[in-house]
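Keep in mind that this is a model prediction, so the values were computed, not measured.
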Amino acid sequence: MQQHPGATFQEADVVGLYKYRPPYPQRLFDVIAERAPAHDAVLDVGCGPGKIARELTARFSQVTAVDPSAKMIELGRSLPSGQAENLHWVNAPVEGIAFPMSYDVVVAANSIHWIDCGVFFPKLYRYLRPKHLFAVVSGDAPYDPPWEDDWRAFLRKWVTELTGDSLDSPGWTRKMNKHRPYLDIDAEMEFDGLPFCQSVEDFILCQHSRETFACSRLADSREAFDQELRELLSPYADENGQITFQTKTFLTLGTVRA
């Protein structure tokens with residue numbers, strides 16, 4: 001049983017499977033830099049292995065990357081740009097730290113729904129420069145693949161079974177959007193990823209890097225989960241067992257309300 005939401009990201013098995021997640025499109029990083037009011041300091045909250053933070057080291061003078069999982073940060077340090085001199089890793093819950101500086105830009109990528117917004121945003125506001133940018137990033141899963149209908153049915157079944165909540169329920173929607181009352185939103189954008197190819201088996205492993213489908217959470221149901229997903233995807237694989245799909249990344253830009 002999880003002690004708190006997102007606890008699985010402390011697990012070595014989950015962290016080790018992050019390599020199977022598709023990358024973000026490069027245009028995402030360009031737009032964040034283009035929209036930044038200045039390029040002195042950027043904060044990445046819930047950074048994981050620094051998928052955003054490591055890319056921004058080439059675009060900002062100082063990058064602070066915060067995550068409560070020591071294993072995620074250990075992985076991030078081992079990846080390209082993870083040892084950059086201007087990248088400062090902080091292993092702590094973002095709600096509980098004293099930030100080391102004030103920031104021009106704050107990014108939350110696939111992490112804002114894990115954060116206690118009522119604690120985080122009032123605290124963060126004290127560390128924001130008058131002209132600042134808050135960026136929310138989401139989307140690294142298949143977008144409208146050929147198996148979309150079966151995939152959605154699969155997700156609805158397993159999300160309900162594992163969480164007790166339905167994928168499209170009002171509660172689920174509120175969780176995904178709980179940050180919005182704290183922001184004055186200026187723009188919302190979408191970016192298409194390049195076609196991404198991976199084996200059916202690697203796609204299944206990628207799902208186990210996600211909190212809902214972590215192996216520890218599936219427990220005795222893992223074999224059934226894997227086999228059902230394998231049977232769903234196999235008709236769409238080529239002769240080498242590879243499937244190809246695109247992702248769509250969503251970017252919300254705004255400022256934090258006083």
### Query
Counting only N and O atoms by type, is there a donor-acceptor contact under 3.5 Å from the side chain of Asp184 to the main-chain atoms of Gly254?
no

### Query
Is the shortest heavy-atom distance from the side chain of Thr212 to the side chain of Thr163 under 4.5 Å?
yes

### Query
Hey, is CG on Leu194 packed in by over 12 heavy atoms from elsewhere, all under 6.0 Å?
no

### Task
Measure from the ring center of Phe134 to the ring center of Phe121 and say whether it is less than 6.0 Å.
yes

#### Entry: Under 3.5 Å donor-acceptor, Gln207 side chain and Phe213 backbone
no

### Query
Phe120 and His179: aromatic ring centres closer than 6.0 Å?
no

### Check: Glu190/Thr249 side-chain N/O donor and acceptor closer than 3.5 Å
no

#### Entry: Side-chain (Thr57) to main-chain (Arg54) donor-acceptor, under 3.5 angstrom
yes

### Message
Working note: Leu229 + Phe203, criterion side chain to side chain contact (heavy atoms under 4.5 Å, CB included); need CA distance, chi angles, decisive distance, verdict.
### Response
CA-CA 9 Å; Leu229 185 52; Phe203 183 90; 4.2 Å; yes

### Query
What residue pairs, at least two apart or across chains, pass side chain to side chain donor-acceptor pair (under 3.5 Å) with a residue in residues 102-111?
Tyr24-Asn110, Thr64-Tyr103, Ser102-Arg129, Asp104-Arg129

### Query
Counting only heavy atoms not in Tyr125, do more than 12 sit closer than 6.0 Å to its OH atom?
no

Show which side-chain atoms of residues 138-151 pair as donor or acceptor with protein atoms under 3.5 Å away, not counting sequence neighbours.
unit_1, atom_1, unit_2, atom_2, d
Asp140, OD1, Arg210, NH1, 3.1
Asp140, OD1, Arg210, NH2, 3.3
Asp140, OD2, Lys51, NZ, 3.4

### Short side-chain to backbone donor-acceptor contact, Asn91 and Pro68, under 3.5 Å
yes

### Query
Which pair of non-hydrogen atoms, one from Cys117 and one from Tyr182, has the smallest distance, and what is that distance?
CB-CE1, 3.5 Å

## Note on the structure
Scanning both residues in full, the closest heavy-atom pair of Trp89 with Cys47 reads CZ3-SG, 3.9 Å

### Message
Please check this pair: side chain of Asp67 against backbone of Ser69, looking for a donor-acceptor N/O pair closer than 3.5 Å.
### Response
yes

### Query
Will you find, in the side chains of Glu228 and Trp158, an N or O donor that is under 3.5 Å from an N or O acceptor?
yes

### Query
What closest approach, in Å, do Pro23 and Thr247 show between heavy atoms, and which atom pair accounts for it?
O-OG1, 4.4 Å

### Message
Under the criterion salt bridge (Lys or Arg N to Asp or Glu O under 4.0 Å), I'd like the reasoning laid out for Arg217 against Glu211: C-alpha separation, chi angles, the key distance, then a yes or no.
### Response
CA-CA 8 Å; Arg217 188 163 192 167; Glu211 199 267 352; 2.8 Å; yes

### Task
May I ask you to decide if Lys248's main-chain N or O and Asp192's side chain share a donor-acceptor pair within less than 3.5 Å?
no

### Task
Give the C-alpha distance, both sets of side-chain angles, the deciding distance and a yes or no for salt bridge (Lys or Arg N to Asp or Glu O under 4.0 Å) between Asp30 and Arg59.
CA-CA 9 Å; Asp30 295 338; Arg59 296 168 168 85; 2.8 Å; yes

### Query
Side-chain donor-acceptor pair under 3.5 Å between Glu223 and Gln227, yes or no?
no

### Task
Take Gln62 and Met101, measure what side chain to side chain contact (heavy atoms under 4.5 Å, CB included) needs, and give me the verdict at the end.
CA-CA 10 Å; Gln62 300 291 329; Met101 62 188 76; 4.0 Å; yes

### Task
For the residue pair Val107 and Leu133, establish whether any side-chain heavy-atom pair is separated by less than 4.5 Å.
no

#### Entry: Shortest non-hydrogen contact from Lys71 toward Gln10
CD-O, 3.1 Å

### Message
As a quick check of understanding, evaluate side chain to side chain contact (heavy atoms under 4.5 Å, CB included) for Leu124 and Phe99, giving each step before the final call.
### Response
CA-CA 8 Å; Leu124 175 68; Phe99 298 112; 4.1 Å; yes

### Query
Less than 6.0 Å separating the ring centroids of His39 and Phe60?
yes

### Query
Are the side chain of Arg27 and the backbone of Phe191 linked by a donor-acceptor contact shorter than 3.5 Å?
no

### Query
For residues His113 and Asn177, is any side-chain donor paired with an opposing acceptor at under 3.5 Å?
no

## Note on the structure
On a heavy-atom basis, the closest approach of Ser166 and Thr160 is CA-OG1, 3.5 Å

### Query
How close do Trp114 and Lys178 get, heavy atom to heavy atom, and via which atoms?
C-NZ, 4.4 Å

#### Entry: CZ (Arg35) with more than 12 external heavy atoms under 6.0 Å
no

### Query
Do Arg222 and Phe225 meet the cation-pi criteria used here (NZ or CZ under 6.0 Å from the six-membered ring centre, within 45° of the axis)?
no

